[in-house]
Undergrad: 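Before anything else, here's the structure in question.
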Amino acid sequence: MNSKKYRFIPNLATGCLTDDSAKAYFSRLGIAVFVLGILSTASATLLAILAKTALSSVLSISAVAAAANHLVSIIAIYCVAFPFFNLLIKPLPSVKPFKSRMGFKDGVIGFCICVAAMMTGNYISNVILVWVETFLGATTENPIASAISPADPAVVIVTVIFMVIAAPMLEEILFRKVLCAKLLPLGEGYAIVLSGAIFGLFHGNLYQFAYGFLLGAFFAFIYIKTGKLIYTVIYHMAINLMGSVIGPWILSMIDIDKLTAIIESGSIDPSDPALTSLLILSIYETLMMVAAVVGIVFFFKAKKKNMLALEQGILPPPKKNRLANLFCNVGVAAAITYFVLRMVMSLI
């Protein structure tokens, strides 16, 4: 890599970028992310209007409407916005992570850490939900919960195709393979945190930001340390399967009114379907809790053994004025403004 070509030249005395170079680097990334966001939103809106006009006769079918929504999102992000994003970040230097194999045991532990990140993120999201509802004085709705319909088999199939298979592959290519390559010159810490933050922000709402950030950061860590996208794709698919198919399906079996009536009557029949569904939910949540605890234990164990140490990049930003260099530039300011407005609009 020829740093001089891109004008990102480390200070010979410190080995770090100058303040101006660091701001220029972050600004370029910020502008690219802003363009990716604004173009994907604008094109998705236009495509949705066109789809509603052209397919109005069949959009009343839930599965068709769900498939159309997913296709609109994919086309808007990856066919319309991504080429411009890629063009903007192309001048930035790239670093590819070294490839290494992850054993089966490490893979299972990694999955447990994913579950821990998901559950922690969901808890944070619920806290945010309470704060927002208290502040607004109104009930808000989780957009994911309203988008899933486990009672319709056709919608479940569509969900599996797009959310469990297509989305993880496309998102890992964009947010890990492409984005991390441009963040790694700054250092592994920057790549992990910024990849996770951008991934969380692109979910477009407060409810998904927390677990999107935590999962995105962990996926970035796995990709950076192994150099293999297949691991993060598998993890991503598993998490989406649990969150968008298995979890909603189990919850849909719970009949709260019937369970309340059984408890009030005091007559409990173990073979009652309502109790069976409650048992399935209890087993599922217990397994998830056990996995989360295992993940947390091994995470801190690895941290204690310094197994989570991060390498410095070839073009590290200066440690002094770190936050000012990151946030006080046009590109990042534009990106943050866009995402804040998008999240506010999602609450209205």
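Heads up: numbering here begins at 1 and tracks the sequence.
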Undergrad: When you look at V294 and V115, which way does the side-chain contact (heavy atoms from CB on, under 4.5 Å) test go after all the steps?
TA: CA-CA 9 Å; V294 169; V115 174; over 6 Å; no
Undergrad: Quick one: are Y338 and T41 in side-chain contact, heavy atoms under 4.5 Å?
TA: yes
Undergrad: By side chain to side chain contact (heavy atoms under 4.5 Å, CB included), which residues pair with A238, not counting sequence neighbours?
TA: F111
Undergrad: For I74 and F162, which heavy atoms make the closest approach, and how far apart are they?
TA: CD1-CD2, 3.7 Å
Undergrad: Only counting residues at least two apart or in another chain, list the ones meeting ring pair (Phe, Tyr, Trp, His ring centres under 6.0 Å) with Y25.
TA: F8
Undergrad: Identify all side-chain donor-acceptor contacts of residues 189-203 below 3.5 Å with residues at least two apart in sequence or on another chain.
TA:
{"unit_1": "S195", "atom_1": "OG", "unit_2": "F175", "atom_2": "O", "d": "2.8"}
{"unit_1": "S195", "atom_1": "OG", "unit_2": "R176", "atom_2": "NH1", "d": "3.4"}
{"unit_1": "H203", "atom_1": "ND1", "unit_2": "F199", "atom_2": "O", "d": "2.8"}

Undergrad: For the residue pair N329 and S27, what are the closest heavy atoms and their distance?
TA: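 N329 and S27 have their closest heavy atoms at OD1-CA, 3.2 Å.
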Undergrad: Can you list the residues that meet the side chain to side chain contact (heavy atoms under 4.5 Å, CB included) rule with V297, with sequence neighbours excluded?
TA: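 V297 satisfies side chain to side chain contact (heavy atoms under 4.5 Å, CB included) with V293 once adjacent residues are dropped.
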Undergrad: For residues 213-233, which side-chain N or O atoms pair as donor and acceptor with protein atoms under 3.5 Å away, sequence neighbours left out?
TA:
{"unit_1": "K225", "atom_1": "NZ", "unit_2": "E188", "atom_2": "OE1", "d": "2.8"}
{"unit_1": "K225", "atom_1": "NZ", "unit_2": "A309", "atom_2": "O", "d": "3.0"}
{"unit_1": "T226", "atom_1": "OG1", "unit_2": "I222", "atom_2": "O", "d": "2.7"}
{"unit_1": "T226", "atom_1": "OG1", "unit_2": "K228", "atom_2": "N", "d": "3.3"}
{"unit_1": "Y231", "atom_1": "OH", "unit_2": "M102", "atom_2": "N", "d": "3.0"}
{"unit_1": "T232", "atom_1": "OG1", "unit_2": "E172", "atom_2": "OE1", "d": "2.8"}
{"unit_1": "T232", "atom_1": "OG1", "unit_2": "L229", "atom_2": "O", "d": "2.9"}

Undergrad: Considering residues, nucleotides and ligands other than F84, do more than 12 of their heavy atoms fall under 6.0 Å from its CZ?
TA: no
Undergrad: With sequence neighbours excluded, what pairs up with K182 under the side-chain hydrogen bond (donor to acceptor under 3.5 Å, both in side chains) test?
TA: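 With sequence neighbours excluded, K182 shows a side-chain hydrogen bond (donor to acceptor under 3.5 Å, both in side chains) to S94, given in chain and number order.
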Undergrad: Is there a path of hydrophobic side-chain contacts, each under 4.5 Å between heavy atoms of I/L/V/M/F/W/Y residues, joining I246 to I239?
TA: yes
Undergrad: Do you know which two heavy atoms are closest between G331 and I31, and how far apart they sit?
TA: CA-CG1, 3.4 Å
Undergrad: How close do I296 and A116 get, counting heavy atoms only, and between which atoms?
TA: CG1-CB, 3.8 Å
Undergrad: Side-chain contact test, heavy atoms from C-beta onward, threshold under 4.5 Å: evaluate it for M307 versus F299 and give yes or no.
TA: no
Undergrad: A side-chain contact here means heavy atoms from C-beta on lying under 4.5 Å apart; do L174 and F85 qualify?
TA: yes
Undergrad: Which pair of heavy atoms, one from S43 and one from A76, lies closest together, and at what distance?
TA: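 Here S43 and A76 meet closest at OG-CB, 3.2 Å.
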Undergrad: Taking the side chain as everything from C-beta on, heavy atoms only, tell me whether I161 gets closer than 4.5 Å to H70.
TA: no
Undergrad: Could you pull out the closest heavy-atom pair between P318 and N325, with the gap in Å?
TA: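 Here P318 and N325 meet closest at CG-ND2, 3.5 Å.
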Undergrad: First locate atom CD1 of I283, then atom CG of L278, and finally report the distance between them rounded to the nearest 0.5 Å.
TA: 10.0 Å
Undergrad: When you group the ILVMFWY residues by side-chain heavy-atom contacts below 4.5 Å and let the links chain together, are M289 and F298 in the same group?
TA: yes
